[in-house]
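All of these numbers come straight from a predicted model, not from anything done at the bench.
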Amino acid sequence: MDTIINNLSYIHQKIDAACIKAGRPQGDVRLLMATKTVDPTKIKVAINAGETLLGENKVQEMRDKDEALKDHLVERHFIGHLQTNKVKDIIRYATCIESVDRESVAEKLSKELAKKGATIDVLIQVNTSFEESKFGVAPSEALNLVRSVAKYDNIKIKGLMTIGLFSADKEKVRKCFKLLKQIQQEVMAADIPHVEMKELSMGMSGDYEVAIEEGATIVRIGTAIFGARIYPDSFYWDESK
Ligand SMILES: *Cc1c(COP(=O)(O)O)cnc(C)c1O
């Protein structure tokens, strides 16, 4: 328990330091706890320490943890790969879907939201690392996708999300984040009605400081808070599981 609290305090110091280094105001960056595989007891320790935002990759897991977490004032984002047949369930638990990467998902989402008379925030996920194993719209198609998704009145686009290259070479990772920033500028210049581009969700345990230097407003951190996971991340990005 102490470990989680210590880890959080260390990460917040690092986030603040990265903001200062980048000449950005402290408080400019939100910490999203990536809580896949993490037990609600541990998540509650972090919430009691003051955390307000978490992200899950699987609808099933969001549902399973809902009972334990629903009385806690915590915002939940969906950060995993979206399947159209799960959309209906996701909107019950998430206030923001960070991983919209194709129009078919937006269409389904809009239909389900209309039934409830609800709206939802989304980020458009971009594949800035050009790795085949990663989801996200191709950078060259991002603007087009924003235009298509913006047509749905009940879907509020708030920005972009990416997963940087998994590499120890910080400069290669930095390129991914710079590309996302560049796409953000491009979308803003297009001035599409009802589209906000304030949020850039980028940076994980290994690269969040670089991401902050490049303009991240949300960093998604799991391992550095809760320790290593048993399952490889591919499990969480495999549609068949
Ligand atoms: C698991 C996950 C993270 C956090 O990864 P860590 O390396 O554990 O910090 C961030 N974003 C997404 C989309 C994830 O699936």
Side-chain angles (χ1 to χ4, degrees), residues 4 6-36 46 49-55 57 75 77 79 96 98-101 121-131 133-140 142-143 146 157-190 195-228 233:
I4 292 171
N6 289 340
N7 289 346
L8 283 168
S9 123
Y10 176 80
I11 292 164
H12 280 292
Q13 279 174 33
K14 290 282 185 189
I15 290 175
D16 287 347
C19 282
I20 291 168
K21 188 176 170 198
R24 301 177 54 188
Q26 284 182 41
D28 226 23
V29 180
R30 284 187 85 186
L31 170 60
L32 176 149
M33 303 187 290
T35 50
K36 54 177 177 257
E51 295 306 322
T52 57
L53 176 61
L54 64 82
N57 291 63
E75 200 184 323
H77 289 189
I79 62 173
C96 176
E98 297 201 4
S99 44
V100 172
D101 65 357
D121 292 345
V122 304
L123 306 183
I124 301 296
Q125 183 178 357
V126 184
N127 182 355
T128 56
S129 66
F130 300 94
E131 286 174 293
S133 59
K134 297 234 175 98
F135 296 100
V137 64
S140 59
L143 179 58
V146 172
I157 302 177
K158 297 289 178 183
L160 305 172
M161 183 272 242
T162 201
I163 300 176
L165 187 74
F166 288 124
S167 165
D169 184 341
K170 274 198 177 163
E171 294 318 304
K172 283 190 182 155
V173 184
R174 188 184 298 278
K175 266 195 184 163
C176 300
F177 300 147
K178 275 192 190 297
L179 179 55
L180 198 71
K181 180 80 195 176
Q182 193 186 317
I183 295 168
Q184 179 198 38
Q185 301 301 315
E186 191 190 340
V187 174
M188 283 163 83
V195 171
E196 283 176 38
M197 270 290 123
K198 192 177 144 282
E199 304 294 349
L200 285 184
S201 176
M202 56 188 194
M204 305 178 20
S205 289
D207 53 23
Y208 66 94
E209 291 163 277
V210 180
I212 291 170
E213 285 168 27
E214 299 305 330
T217 61
I218 297 173
V219 290
R220 308 177 309 268
I221 302 180
T223 313
I225 304 171
F226 300 108
D233 281 353

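- Side-chain contact between Ile225 and Ile4: present, with at least one pair of heavy atoms (C-beta onward) separated by less than 4.5 Å.
- Looking only at atom types and distance, the side chain of Ser99 has no donor-acceptor partner in the side chain of Gln125 under 3.5 Å away.
- Residues Asn127 and Ser129 bring a donor and an acceptor atom of their side chains to less than 3.5 Å of each other.
- The closest side-chain heavy-atom distance from Leu31 to Leu8 is below 4.5 Å.
- For the 3.5 Å distance criterion, the side chains of Gln26 and His12 fail to qualify, holding no donor opposite an acceptor.
- Of the inter-residue distances, the one linking Phe130 atom CZ with Lys175 atom NZ reads 10.0 Å to the nearest 0.5 angstrom.
- If you take CD on Gln182 and CD on Gln185, they are separated by 9.0 Å, rounding to the nearest 0.5 Å.
- Here Gln184 contributes atom CD and Thr162 contributes atom OG1; the two are 12.5 Å apart, rounded to the nearest 0.5 Å.
- When every heavy atom of Glu214 is checked against every heavy atom of Phe177, the shortest pair comes out as CB-CB, 3.8 Å.
- Taking CD of Glu98 as the reference point, atom CD1 of Ile218 lies at 5.0 Å (rounded to 0.5 Å).
- Nearest approach of Leu179 to Pro139, heavy atoms of both residues: CD2-CG, 3.8 Å.
- With hydrogens and angles disregarded, no donor-acceptor distance shorter than 3.5 Å links the side chain of Thr217 to the backbone of Val29.
- Under 4.0 Å is where a charged nitrogen must lie from a carboxylate oxygen, and between Lys170 and Glu213 no such pair does.
- Between Ser201 and Leu180 the shortest heavy-atom distance is O-CD2, 4.4 Å.
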